[in-house]
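Quick one: this structure, given as structure tokens, is what I'll be asking you about.
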Number of protein chains: 2
Amino acid sequence: MGNIQKIADELGLSTATISNALSGKGRVSAENIQRIRARAQEINYFPNPIARALKTGRSDIIGLVMPDLTQPLFPIFARSIENAAEQSGLGVLIADSMDNPDAQKEAIDRLVRRGVDGLIVIPQRGSSVATTSVPMAVIHTASHPQNTASANHFQGGQLAAATLLEAGHRAILLVGFDPLSEVQQDRVAGMVSRLTGQAEYEIIWLAGMAEGDLKSALRRHSALIATSDSLAMQAMNLAQASGLSVPAELSIVGFDDLPFSQHLRPALTTVRPDMPAIAHHAVRYLASSLEDKGSSVVAKSFDMALVSRDSVARPAPLSSSRLLSRFSTTAKSQPNRKVKR
Amino acid sequence: MGNIQKIADELGLSTATISNALSGKGRVSAENIQRIRARAQEINYFPNPIARALKTGRSDIIGLVMPDLTQPLFPIFARSIENAAEQSGLGVLIADSMDNPDAQKEAIDRLVRRGVDGLIVIPQRGSSVATTSVPMAVIHTASHPQNTASANHFQGGQLAAATLLEAGHRAILLVGFDPLSEVQQDRVAGMVSRLTGQAEYEIIWLAGMAEGDLKSALRRHSALIATSDSLAMQAMNLAQASGLSVPAELSIVGFDDLPFSQHLRPALTTVRPDMPAIAHHAVRYLASSLEDKGSSVVAKSFDMALVSRDSVARPAPLSSSRLLSRFSTTAKSQPNRKVKR
DNA sequence: TTGTATGCGTTATCAA
DNA sequence: TTGATAACGCATACAA
């Protein structure tokens with residue numbers, strides 16, 4: 001590996017000609033293009049990206065900021081983004097925003113100071129992102145004003161609800177974690193929109209809630225949709241621990257299709273975001289913002305898909321084991337508190 | 001944000017003086033240092049990292065190559081590495097090596113061509129890493145010649161085994177996935193070393209094996225150690241599905257402390273690698289290789305720690321429910337096939 | 001079609 | 001203590 005000067009000297013040409021031949025931009029004789037390309041191959045020459053960046057003002061590196069690299073969804077994001085970016089000749093610099101808005105701002109600044117051309121940001125729950133000096137694609141929810149690429153969480157919620165409806169369920173528990181999360185809100189809103197008038201439902205937010213409350217809520221429904229697979233797993237474990245059979249007595253649908261979901265017992269039916277498409281669109285948006293100032297790529301939301309596995313079944317008839325198990329438990333039967341809105 | 005020239009003009013000084021004042025290297029009058037620093041603050045000046053990199057030959061960016069960004073362990077790695085790198089003023093560029101040695105080589109090359117100063121590589125199962133033109137820290141196992149920082153998988157295996165021994169178990173199943181994985185081999189070797197002469201054990205590799213085999217093996221032991229939490233989860237699910245109570249009838253210990261492990265029922269007792277320490281050491285090694293040629297930092301292995309949760313109990317006495325449940329199952333009782341070595 | 005010259009922003013050498 | 005200047009490797013405007 002040498003530099004452009006070396007090739008120029010070896011071939012008795014000027015650096016300009018080498019540069020032109022290699023980039024294909026300038027007009028160079030076919031013969032020289034041949035020789036130059038061949039020589040570059042031989043010495044395994046690649047243009048120094050730093051020098052090029054200094055000259056062109058573009059580093060061809062984008063930054064990826066995520067709330068918490070520890071989240072199980074992160075690898076799926078990261079991989080899709082890295083692949084999409086690589087296809088566009090872009091490198092990906094990562095930063096952990098530590099689940100904290102100040103740290104998020106800090107992380108963004110660090111990346112910008114490092115000279116990234118653009119940013120892909122997955123914001124914290126409920127936070128907005130300060131604008132920056134470089135173009136930014138934010139992956140959030142369709143309802144968020146800053147959003148450029150997202151899963152269609154609302155449609156995903158509808159899909160989950162429809163699945164349960166079709167299986168015959170008429171009393172469905174909707175389990176979220178944090179009502180401040182716009183993603184979770186959108187998912188729940190989708191579920192509600194599909195369920196209204198078709199089935200009874202109850203919404204329960206787990207953040208800061210006693211486990212016993214979920215436990216008793218479980219017994220009042222024949223099916224449950226959780227806003228994430230992690231939540232679904234917790235609910236499944238709790239249900240099974242308290243003697244409820246899944247899916248015979250309780251059907252469960254999750255969200256995200258996390259890696260462990262297929263290994264659950266029963267394997268979890270879940271709603272999966274189209275990460276490759278989302279990542280690709282976010283990267284395309286950035287790339288286009290870098291070319292021309294009037295970024296022609298518009299915000300977009302990608303439909304979610306049902307991954308049908310084993311955690312959904314038809315509800316048990318009322319006279320079945322479900323009732324028996326109800327009586328056998330010590331949990332006091334409570335009046336149904338349906339939440340409608 | 002401007003450049004060094006701008007400050008020089010505004011203050012009527014030369015760029016050299018500005019540079020010296022800001023870096024603290026050259027000798028500049030205390031008064032001018034004051035003025036220059038103040039002005040830099042005001043206009044929010046930061047040195048252009050690209051220009052600096054071109055001049056110094058260092059980008060202050062390191063590359064992180066992982067087998068499969070989709071692995072649940074990745075986020076834990078990535079976060080620790082990013083934090084450690086940031087502390088040393090280094091950025092982290094990621095590349096996905098797609099669980100495929102060719103792609104791994106490809107990923108490394110891409111990163112090097114992008115101008116990273118060094119690399120942190122977590123190699124594929126069983127693969128080695130070709131040497132590169134930049135320093136490289138590999139995170140593997142202590143027994144691997146290229147290793148620079150690793151969890152002490154052998155000691156972790158011993159720790160898991162000791163835990164079970166202390167609880168009184170004397171028939172222990174060792175569950176791995178892929179015998180080609182050196183990490184898994186080291187962990188199992190540690191278990192075996194601690195168990196030999198103290199208890200009966202059997203080793204089972206799940207890759208390409210029928211589920212029924214694991215199922216029947218489960219019934220022949222009072223406890224199980226899996227080489228990863230994912231495996232532990234699968235085993236736990238299988239055990240519970242076939243009527244074995246955990247931990248009353250089967251104790252389980254996992255590895256890695258993946259995020260979902262605390263949400264399992266029962267919460268999984270597991271052996272956790274000290275990721276922050278490993279990451280810190282790998283980064284320190286790289287940083288030191290960048291300073292001086294004779295990298296003074298030496299390879300190191302970090303002890304693993306037991307995370308004690310609810311999946312381990314004393315074994316049930318022979319006359320207890322364990323035997324009852326044995327008789328109640330259709331699984332044909334098999335002669336014990338103990339594997340020793 | 002090819003070559004010369006300049007500049008991107010910084011650091012470093014050397015002279016003042 | 002400070003300043004003029006060169007150099008890092010490349011891309012490009014312009015001259016030949």
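Order of the sequence lines sets the chain letters (A, B, ...), proteins ahead of strands, with each chain counted from 1.
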**OP:** Starting at atom CD1 of A/I33, determine the distance to atom C1' of C/dT1, rounded to an integer number of angstrom.
**Re:**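 Checked: the CD1 to C1' distance equals 11 Å.
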Distance test, side-chain N/O of B/K55 to OP1/OP2 of C/dG9, below 4.0 Å =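 For C/dG9, neither OP1 nor OP2 has a side-chain N or O of B/K55 closer than 4.0 Å.
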### Task
Please state whether the phosphate of D/dG9, meaning OP1 or OP2, lies under 4.0 angstrom from any side-chain nitrogen or oxygen of A/Y45.
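For D/dG9, neither OP1 nor OP2 has a side-chain N or O of A/Y45 closer than 4.0 Å.
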Inset, instruction - Starting from P on D/dG9, measure out to CG on A/N20 and report it in whole angstrom. - result: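 Taking atom P of D/dG9 as the reference, CG of A/N20 is at 19 Å.
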- According to a strict under-4.0 Å criterion, is A/S14 in side-chain N/O contact with OP1 or OP2 of C/dT4?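 Negative; the distance criterion is not met.
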query: When you match A/A30 and A/T15 each to their closest nucleotide on DNA chain C, which lands nearer the 5' end?
result: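 Here A/A30 is the residue nearer the 5' end.
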query: So what does A/L54 hit on the nucleic acid, given a heavy-atom distance under 4.0 Å: a base, only sugar-phosphate, or nothing?
result: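 It contacts base atoms.
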Let me know the distance between CD1 of A/I4 and P of D/dT12, rounded to the nearest Å.
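About 11 Å, once rounded to whole Å.
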_One thing to verify: whether A/R39 and A/E42 come together as a salt bridge, which I'm taking to mean a side-chain N less than 4.0 angstrom from a carboxylate O._
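The answer is yes: the pair qualifies as a salt bridge.
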Review point. With sugar-phosphate meaning primed atoms plus P, OP1 and OP2, does B/G115 contact a base, only sugar-phosphate, or nothing at under 4.0 Å between heavy atoms?
Key: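 Nothing, no heavy atom under 4.0 Å.
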Original post:
How long is the line joining CZ of B/R35 and P of D/dT2, in whole Å?
Top reply: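 Rounded to the whole Å, the gap is 9 Å.
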Note to self: On the nucleotide C/dT11, are OP1 or OP2 found under 4.0 Å from the side-chain N or O atoms that B/S19 carries?
What the structure shows: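 True: B/S19 side-chain N/O within range (under 4.0 Å) of C/dT11 OP1/OP2.
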Should we say atom CZ of B/R272 is surrounded by more than 12 heavy atoms from elsewhere, each under 6.0 Å from it?
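Check fails, neighbour count at 12 or below.
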Practice task
Just compare C/dT2, D/dT2, D/dT12 and give me whichever is closest to any side-chain atom of A/A16.
Solution key: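 Of the options given, the side chain of A/A16 lies nearest D/dT12.
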Taking atom P of C/dA15 as reference, at what distance in whole Å does atom CZ of B/R27 sit?
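Those two atoms, CZ and P, are 14 Å apart.
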Which whole-number value in Å describes the distance from A/I50 CD1 to C/dG9 P?
->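 Between P of C/dG9 and CD1 of A/I50: 15 Å.
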Quiz item: Got a salt bridge between A/D109 and A/K105, using NZ or NE/NH1/NH2 to carboxylate O under 4.0 Å?
Solution: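 Result for this pair is yes, salt bridge flagged.
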Provide, to the nearest angstrom, the distance between the CG atom belonging to B/L11 and the P atom belonging to D/dG3.
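Taking CG of B/L11 and P of D/dG3, I get 10 Å after rounding.
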**Message:** At 4.0 Å (heavy atoms only), tell me whether B/S29 reaches a base, stays on the sugar-phosphate, or touches nothing.
**Reply:**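 Result for B/S29 = sugar-phosphate.
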Margin query: Categorize B/G2 for me: base, sugar-phosphate, or nothing, with a 4.0 angstrom heavy-atom threshold over every strand shown.
Written below: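 Here B/G2 touches no strand at all.
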Please state whether the phosphate of C/dT2, meaning OP1 or OP2, lies under 4.0 angstrom from any side-chain nitrogen or oxygen of A/N32.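 Yes, because at least one side-chain N or O of A/N32 sits under 4.0 Å from OP1 or OP2 of C/dT2.
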Q | Pairs meeting criterion salt bridge (Lys or Arg N to Asp or Glu O under 4.0 Å) with involvement of residues 47-65 of chain B, two or more places apart | A |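 Sorted pair list: B/R58-B/D60, B/R58-B/D117, B/R58-B/E291.
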Nearest-Å distance, CZ (A/R52) to P (D/dC8)?
->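 So the CZ-P distance, A/R52 to D/dC8, works out to 19 Å.
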Open item on the list: For a quick test of reading the model: is some side-chain N or O of B/N48 closer than 4.0 Å to OP1 or OP2 of C/dG9?
Closed with: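 Checking C/dG9 against B/N48, no side-chain N or O comes under 4.0 Å of OP1 or OP2.
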If we only count heavy atoms from C-beta on, is the B/L90 to B/I61 side-chain gap below 4.5 Å?
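No. Closest side-chain heavy atoms not under 4.5 Å.
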